[in-house]
Colleague: 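If you scroll down you'll find the structure; I have some questions about it.
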Amino acid sequence: MSVNKEIKRVTTHILQEMKQRGEKIAMLTAYDYSMATILDDAGLDVLLVGDSASNVMAGHETTLPITLDQMIYHAQSVVRGASRSFVVVDLPFGSYQGNSKEALNSAIRIMKESGAHGVKLEGGAEIAESVQRIITAGIPVMGHLGLTPQSIYKFGTYTVRAKDEAEADKLKTDILALQDAGCFAVVLEKIPAKLAKEVTESLQIPTIGIGAGPHCDGQVLVINDMIGLTKGFKPRFLRQYMNLYEGVKDAAQAYIKDVKAVDFPNEKEQY
Ligand SMILES: Nc1nc(=O)c2c([nH]1)NC[C@@H]1CN(c3ccc(C(=O)N[C@@H](CCC(=O)O)C(=O)O)cc3)CN21
Ligand SMILES: CC(C)C(=O)C(=O)O
Ligand SMILES: [Mg+2]
């Protein structure tokens with residue numbers, strides 16, 4: 001028995017228990033080591049290495065261009081910073097839609113090369129076979145329904161999903177398919193709060209909402225959005241906890257001023 005202080009890692013089992021006792025699951029995205037250390041220390045239950053890295057890290061307009069190799073690089077950095085949080089990694093567009101073997105290979109690469117604890121895939125019944133195959137290999141899978149940004153060109157907009165009955169019925173079928181395939185949780189993005197409540201109550205596994213109301217078992221936001229780094233991005237579902245854009249800009253301008261004025265470095269800041 002090791003005498004080292006044990007760090008109790010959040011597991012999928014703990015997340016199920018949280019749903020059962022009504023404790024909400026707090027999840028945020030993370031893409032790099034420094035932010036992961038802060039968020040892990042703050043007590044986040046789950047860190048998501050989101051393919052939103054394509055937008056907020058790389059500056060792409062959509063999540064489509066980011067590659068599996070790039071996701072693994074972000075995941076490795078986050079895993080090094082997370083001692084307690086459960087780390088989930090998005091399988092990027094093009095790394096799992098082909099067939100279930102491709103999906104399994106991509107999931108295995110993420111687990112083997114990054115040390116993350118689970119993967120997330122967008123889609124419903126059409127990916128259930130892939131989900132099942134990944135879970136059979138021992139890899140925890142999180143689902144993602146509602147607004148699925150990897151299929152943005154099928155819809156053309158980022159508007160709220162499953163507002164009409166047909167789409168809501170499809171989501172209900174899809175989420176059951178994901179639960180039956182063995183997903184440990186499902187992200188619900190931009191769907192009516194009433195629908196999210198209904199499916200959350202009907203499921204055994206936790207739902208994690210983003211723009212899906214207060215009745216989900218947990219919430220997720222993109223870290224850059226909630227600390228106010230993504231200037232001009234203020235959808236209704238977003239709560240901004242700081243304005244880091246202005247904070248960093250002010251700091252940078254103070255630095256410029258000090259450098260130009262030969263105020264920095266001073267006597268104490270040199271050798
Ligand atoms: N920075 C960032 N935050 C995110 O939440 C995020 C990403 N990037 N990239 C990947 C996806 C895309 N997501 C999005 C993108 C747009 C809206 C959105 O609601 N946009 C506008 C317009 C919606 C409309 O056309 O009605 C809004 O103001 O609501 C929501 C989620 C969520 N993900
Ligand atoms: C918005 C969350 C759920 C996500 O998938 C991402 O950040 O990529
Ligand atoms: Mg994503």
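Order of appearance sets the numbers: ligands from 1, and atoms from 1 within every ligand.
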Colleague: Applying a 4.0 Å heavy-atom criterion (strictly less than), which segment of Asp90 is in contact with ligand 2: side chain, backbone, both, or neither?
Modeller: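 Just the side chain.
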Colleague: What protein heavy atom sits nearest atom 5 (O) of ligand 2, and how far off is it?
Modeller: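 Closest protein heavy atom to atom 5 (O) of ligand 2: Lys120 NZ, 2.9 Å.
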Colleague: To the nearest 0.1 Å, how far is atom 4 (C) of ligand 2 from its closest protein heavy atom, and which atom is that?
Modeller: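 Sorting protein heavy atoms by distance from atom 4 (C) of ligand 2 puts Leu48 CD2, 3.6 Å first.
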Colleague: Please state which part of Thr29 comes within less than 4.0 Å of ligand 2, counting heavy atoms only: side chain, backbone, both or neither.
Modeller: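 The part of Thr29 near ligand 2 is the side chain, not the backbone.
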Colleague: Is the distance between the ring centroids of Phe86 and Phe184 under 6.0 Å?
Modeller: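 Ring centroids of Phe86 and Phe184 are less than 6.0 Å from each other.
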Colleague: Quick one: nearest non-hydrogen protein atom to atom 28 (O) of ligand 1, plus distance?
Modeller: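 The answer is Pro235 CA, 3.7 Å.
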Colleague: With a 4.0 Å cut-off on heavy atoms, is Asn224 in contact with ligand 1?
Modeller: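 Heavy atoms of Asn224 never come under 4.0 Å of ligand 1.
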Colleague: Could you find the nearest protein heavy atom to atom 6 (C) of ligand 2 and give me its residue, atom name and distance?
Modeller: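 Here the nearest protein heavy atom works out to Ser52 OG, 3.3 Å.
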Colleague: Once you round to the nearest 0.5 Å, how far does CD of Gln150 lie from CG of Asp51?
Modeller: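 Going from the CD atom of Gln150 to the CG atom of Asp51 covers 5.0 Å.
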Colleague: Considering non-hydrogen atoms of the protein only, which is the closest contact for atom 8 (O) of ligand 2, and what is the distance?
Modeller: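 That would be Asp51 OD1, 2.8 Å.
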Colleague: For ligand 1, is Lys234 a contact, meaning one of its heavy atoms is under 4.0 Å away?
Modeller: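 Per 4.0 Å heavy-atom rule, Lys234 does not contact ligand 1.
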Colleague: Quick check on the Mg ion (ligand 3): does Asp51 put an N/O/S atom closer than 2.8 Å to it?
Modeller: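 Looking at Asp51, which is the residue asked about, there is an N, O or S atom under 2.8 Å from the Mg ion (ligand 3).
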